[in-house]
Number of protein chains: 2
Amino acid sequence: MNKPTLLDVARAAGVSYATADRVLNARGGVAEKSIQRVQRAIEDLGYERDLHAANLSRRRTYAFRFLVPQGDHAFFRELRHSLEAERAPRRSNRISIFVQEIPALDPEALADALDRIQVSDCDCLAVVATDAPRVTQAITRLTAQGMPVITLVGDAAPDARAAYVGIDNVMAGRTAGRLIRLAHTGRTGRILPVVGALTARDHRDRLDGVREVLGEPGGSLDLMAPVAVQDRADRMRVEVGQALRAAPDITGIYSIGAGNRALIEIMAQLPGQRPFVVLHELTPVSRDGLERGLIDAVIDQMPAREIAVALDVMKALADGRDLATAARDITPTIYLRDNLPVPGRQGDTT
Amino acid sequence: MNKPTLLDVARAAGVSYATADRVLNARGGVAEKSIQRVQRAIEDLGYERDLHAANLSRRRTYAFRFLVPQGDHAFFRELRHSLEAERAPRRSNRISIFVQEIPALDPEALADALDRIQVSDCDCLAVVATDAPRVTQAITRLTAQGMPVITLVGDAAPDARAAYVGIDNVMAGRTAGRLIRLAHTGRTGRILPVVGALTARDHRDRLDGVREVLGEPGGSLDLMAPVAVQDRADRMRVEVGQALRAAPDITGIYSIGAGNRALIEIMAQLPGQRPFVVLHELTPVSRDGLERGLIDAVIDQMPAREIAVALDVMKALADGRDLATAARDITPTIYLRDNLPVPGRQGDTT
DNA sequence: GGAGAATTGAGGGACGTCAATCATTTTTTG
DNA sequence: CAAAAAATGATTGACGTCCCTCAATTCTCC
């Protein structure tokens, strides 16, 4: 009735505990036919090793390291905050979380940090990656040396990293595009895309996505040339203000990056019917914008959930478990003013 | 450096292991000043009991029971499927899941089932509740007898149950309303709400939600009287077909319950510009409708996530942990054709 | 100061696994 | 067939906790 133990397996296989243990842990020195019998017994009894007892016995702990960008951008601040929030509950599951902050938007600095990582430093590494040659190379090295590496939020080295946890930015852009189309049902319009910089892969992907959807047949929307604001509110204020004066017939704005505080302020001051606005990341600022009706939709990648999923995936990797059983799908989530989560915690697990 | 053990605590407190153990597990027979010193040491060292070792030692297993409605409605089928999917991974964490199917839409049958549950049957109970007096009474009894009860998907006995895991249906209705408003930017329209039955609390809530939003100032949408189709596709086909013939100027349909296969078929056959359609629950049928562009948005309560969250909450309750640390917020999620999750698993944890 | 009660210490046997050691049995090989 | 090699069995002490017993110490109160 109860879960079978390894002793049950040994008895069922007609071998000693020691032999069953040798098979289970692949210690070698076991005759082929004994291996068969033990595996047969494991099958028959539905034996599963008690991971907790095993970890207890071998004093195993899990050391997981995260390389995340520095800086005060709301998204990464939230990401780091979620990591801190997971620290205590995970700790009681023998998981230690190490967070290392890396200069943002600097592939070389990231590669340097990756190069300094030793296999002995941790059991699994998660890195907010930028797809640069040296980064790919460093990830490949770590993987080759036996350390599982996952990419978080941004992907790189798709052949080497064990998994990517994050949204598909083309999908996110398409989702924004769909919302914009919805809001233009039965009318034409001009849409202004605002990016941080077109050199950023994620921004290009989102732009591609929105372009795909707006270009679908049946639409009559004019996607303007993107304005780049370096993720800065001051640039946003200037550039978007200028664009709106130059083209007062703008009916929609898709802000792909950061600096949205200024965008929301502009909307607050705009006389008459404001354009339809979609932007990314649920932050205190964007939440406030939604609640005050100054913007229409926020596309969020749920950083807390990303961290939770990343930790689950890392645990699975460290245990040598099959990744298929770990959910790692993160879908861009749409927030309108009516389905905002309660400000507290959401998406974490224990 | 390593996590302190109870032996470390005992030493730090200047007492024996036995005394520290007596304090930790409140076995009594300890002098007040010793209690103080041990608690002090626990604080100082940041000691946390190793739950896995403790469970191992006391052979603790968790028995969680779920009362879910029978029937082949896609949502509950998905809910039951998610429960099955969680069975194996949870089992290896000493959690046994028992699922008991209850006649759907039958508060009396549910109350009967609840009445038959003994405290010894399980460590925590999750029930898809209907807010009926006998149900409330049964939940109150179980709680009083010391079994934590949570409500799932549907709430009842808010004073007695330990937590509710599920979406806020008013919020879901509001979200639908917001989407409908978005899709009617700059134009007027008539919206047809379709419910299963107005006796169902969740349907009423959703209807209230959509009414709230459509009634907000600045709108010019006419919310028609709801049509009831008993969650059945055949009724849906008849009723909605009739409504569309009677009022060809319908510009939006909000389907609050089930039977959407027929709704999608109707949309496929409609000549010209079809109405804007929002419905609930991501199922193979609704997913297909989205992908084929026959409907516009699906509001989903993410059953897999609900189950995962419910299990986490139940574990926390069974361990006597603080519920605050368990995320239990489920927000209605919006799916458009562009942010559909990969059909496989999503939202589960291990 | 002494009896009785309260408190404390010491220890042991679980729980299921790991990672050893050492002795014994079986198989292989020349 | 004997010696060497391979395989197996038996056993042990962790890991951190629970739960129990028994004895020793300290305290309380008359």
Cation-aromatic face contact B/R80/B/F76, 6.0 Å, 45 degrees: no
Salt bridge or not for [X] and [Y], using N-O below 4.0 Å?
{"X": "B/D8", "Y": "B/K3", "answer": "no"}
{"X": "B/D312", "Y": "B/R90", "answer": "yes"}
{"X": "B/R116", "Y": "B/D121", "answer": "no"}

[X] side chain: which of [options] is closest?
{"X": "B/A53", "options": "D/dT8, D/dG16, C/dG16", "answer": "D/dG16"}
{"X": "B/R58", "options": "C/dT17, D/dC19, D/dT17", "answer": "D/dC19"}
{"X": "B/R49", "options": "D/dT17, D/dG9, C/dG16", "answer": "D/dT17"}
{"X": "B/S16", "options": "C/dG9, C/dT17, D/dT17", "answer": "C/dG9"}
{"X": "B/T5", "options": "C/dT17, D/dG16, C/dA20", "answer": "D/dG16"}

Closest contact, heavy atoms only, A/A20 versus A/V15: N-CG2, 4.1 Å
Whole angstroms only, please: what is the [atom1]-[atom2] distance between [X] and [N]?
{"X": "B/L24", "N": "D/dG16", "atom1": "CG", "atom2": "P", "answer": "15 Å"}
{"X": "A/N93", "N": "D/dG16", "atom1": "CG", "atom2": "P", "answer": "16 Å"}
{"X": "A/D8", "N": "C/dG16", "atom1": "CG", "atom2": "C1'", "answer": "11 Å"}
{"X": "A/L56", "N": "D/dC15", "atom1": "CG", "atom2": "C1'", "answer": "4 Å"}
{"X": "A/D21", "N": "D/dA7", "atom1": "CG", "atom2": "C1'", "answer": "15 Å"}
{"X": "A/R11", "N": "D/dA10", "atom1": "CZ", "atom2": "C1'", "answer": "14 Å"}

Would you indicate what [X] reaches in the nucleic acid, counting non-hydrogen atoms under 4.0 angstrom: base, sugar-phosphate, or nothing?
{"X": "B/A54", "value": "sugar-phosphate"}
{"X": "B/A31", "value": "sugar-phosphate"}
{"X": "A/R27", "value": "base"}
{"X": "B/L7", "value": "nothing"}
{"X": "A/R22", "value": "base"}
{"X": "B/L51", "value": "nothing"}
{"X": "B/N55", "value": "nothing"}

For [N], does either OP1 or OP2 sit under 4.0 Å from a side-chain N or O belonging to [X]?
{"X": "B/R59", "N": "C/dC15", "result": "yes"}
{"X": "B/S57", "N": "C/dA14", "result": "no"}
{"X": "A/Y17", "N": "C/dA20", "result": "no"}

A/R40 CZ: over 12 foreign heavy atoms closer than 6.0 Å: no
Which residue lies more 5' along DNA chain D, comparing A/V15 with B/N25 via nearest heavy atoms: A/V15
Toward the 5' end of DNA chain C, by each residue's nearest nucleotide, B/K33 or A/E48: B/K33
